[in-house]
Amino acid sequence: MVDISIKNGRILTPKGFVEGSLLIEDGIITSIGEKEGAEHVIDAKGNIVMPGLINAHTHLGMTLFRGYADDLPLKEWLTEHIWPIEAKLTEDDVYAGTLLGCLEMIKSGTTAFADMYIRMNGAAKAVEESGLRGVLSYGMIELGDEERGEKELKIGKEFVKKWNGTSNGRITAMYGPHAPNTCSSEFLMYVREHADEDKVGIHIHASETKAEVEQIKAQCGMSSVKLLDSLNFLGPDVLAAHCIWLSPEDIQILKKKDVKIAHNPTSNMKLASGIAPVPELLEAGITVGLGTDGCASNNTLDMFYEMKMAALLNKVRKLDPTTIPAPKAVEMATVNGARSVGLDTGVIAEGKKADIIIVDMNKPHLTPRHDLISHLVYCTKGSDVSTTIVDGKILMENYQVKIFDEAEVMARAEERAKDLMGC
Ligand SMILES: [Zn+2]
């Protein structure tokens, strides 16, 4: 007997929309459009059945900081507000924050995400419980201190060894050196060696701010990307978040080394970091996924909103409304996102893993329906997602979260935030 059948759907496949049923067996999509009947039948009622969205860059533990210390200069925000609290964070806090983030993702249609943070055993425990797919890394900051670097790498390595490939493969691990200006060249080369040895990828922030690129230029006489390339650090397994301040030469290097990029338009606007040259990156044939970044710089994890921001932001920069059209934004949040974080998902096709969402189109802001792809990018909100399935398991059906008690998750996060910040 087939496990799950979604009937009466408008199924978004790489070839366009297909009307009918979708079957899921043992976590895999086995039929699209034709066959019906299963142990569990979900009636999509003519709504959109599409691949779950992939958040290619976030720090879920930071959901506890949502709305705390907004609208400040980056340096003041980090040194006076975020870092002092992060120093107090326990594994339980990160567990509570990550679980809250997972709940928000399930409810807004994200089925997989790449996370870099601290106290990551707490995060992995939350991902294990949530049913989501997580590509997790321990964020290492070394600041040229050899002793500190040894300690950081030890934690990063233990995390990779403990969690990579667990939860039926739902959890994968990467190394997470924070950025080229918070980790020395020696340390970055050391991380590359260990990533090769353990056969895992690397998640890093790069070229996020003008100040970072200027600092690297003053220290090494070259750009952040060129520096990383000179260390033989770059490769197809590198996920680089932001990549805003790039020269044409940097773009050529990123293409040559097949580096994957996570574009975070809302965070880049909120922190006034700048605008990533996404059209130029796509033109060069580079894989660009989309991310929300942490909750303190966004302040939600809604990937539908992120698609809209990605489609709009570069239109303003280029003064060209044809830049990043809606289908491209959907591609960035699904299939490109999956590729960028090293997953073989993000697409509805027979034989692919069943990471699927249903978007409820029966809403005033989604009426009339001239163009469904346009609606997904410019009108849909995360709260229009009614059903979320990951690895063939139903995490939410008809707006009811099945995997854990929603109220409990929110109450725990509220309590941890109150303890940490007294508000
Ligand atoms: Zn980030």
Side-chain angles (χ1 to χ4, degrees), residues 54-66 68-70 72-75 77-79 81-83 85-86 89 94 97-98 101 104-105 110 112-120 123 134-142 152 156 173-183 188 191 201-213 224-225 228 238-246 259-276 278 288-303 305-306 309-310 313 332-333 337 340-341:
I54 318 265
N55 188 339
H57 178 70
T58 188
H59 315 280
L60 281 197
M62 294 182 95
T63 50
L64 297 184
F65 310 155
R66 194 194 309 271
Y68 175 77
D70 283 330
L72 293 169
L74 182 66
K75 203 169 170 202
W77 177 70
L78 277 174
T79 56
H81 301 276
I82 299 298
W83 286 346
I85 301 175
E86 282 185 337
L89 277 182
V94 172
T98 306
E104 187 182 349
M105 287 185 164
T110 292
F113 63 97
D115 192 272
M116 178 208 286
Y117 206 49
I118 52 173
R119 317 269 182 268
M120 285 302 284
V135 181
L136 311 178
S137 54
Y138 169 66
M140 302 180 284
I141 294 182
E142 170 252 17
E152 289 285 83
M174 284 184 167
Y175 279 96
H178 179 262
N181 61 335
T182 53
C183 296
L188 291 169
V191 170
I202 302 175
H203 189 171
I204 188 168
H205 297 88
S207 295
E208 179 176 2
T209 62
K210 204 174 175 188
E212 171 205 318
V213 176
S224 299
V225 169
L228 292 173
V238 171
L239 170 61
H242 303 299
C243 291
I244 294 171
W245 298 93
L246 302 174
V259 172
K260 312 298 188 293
I261 293 172
H263 174 46
N264 304 267
T266 306
S267 167
N268 297 161
M269 280 188 267
K270 185 160 184 265
L271 297 176
S273 304
I275 305 177
V278 177
V288 183
L290 274 186
T292 58
D293 211 349
C295 228
S297 59
N298 188 300
N299 295 356
T300 80
L301 304 169
D302 185 340
M303 284 292 292
Y305 186 82
E306 218 55 47
M309 291 303 115
L313 184 55
M332 286 164 74
S340 69
V341 304

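Both ligands and their constituent atoms are indexed starting at 1 by order of listing.
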Count, excluding waters, the protein N, O or S atoms that are closer to the Zn ion (ligand 1) than 2.8 Å. 4
Parallel, tilted or perpendicular: which one describes the rings of His59 and His57, with boundaries at 30° and 60°? perpendicular
Hey, what's the ring geometry for His242 with His205, parallel, tilted or perpendicular (30° and 60° as the breaks)? parallel
Across all chains, not counting sequence neighbours, the salt bridge (charged side-chain N to carboxylate O under 4.0 Å, His left out) partners of Glu104 are Arg66
Arg119: what forms a salt bridge (charged side-chain N to carboxylate O under 4.0 Å, His left out) with it, not counting sequence neighbours? none
Pair listing, salt bridge (Lys or Arg N to Asp or Glu O under 4.0 Å) test, anchored in residues 259-273, at least two apart: Asp70-Lys270, Asp258-Lys260
Ignoring hydrogens and geometry, is there a side-chain-to-backbone donor-acceptor pair from Asn181 to Glu212 under 3.5 Å? no
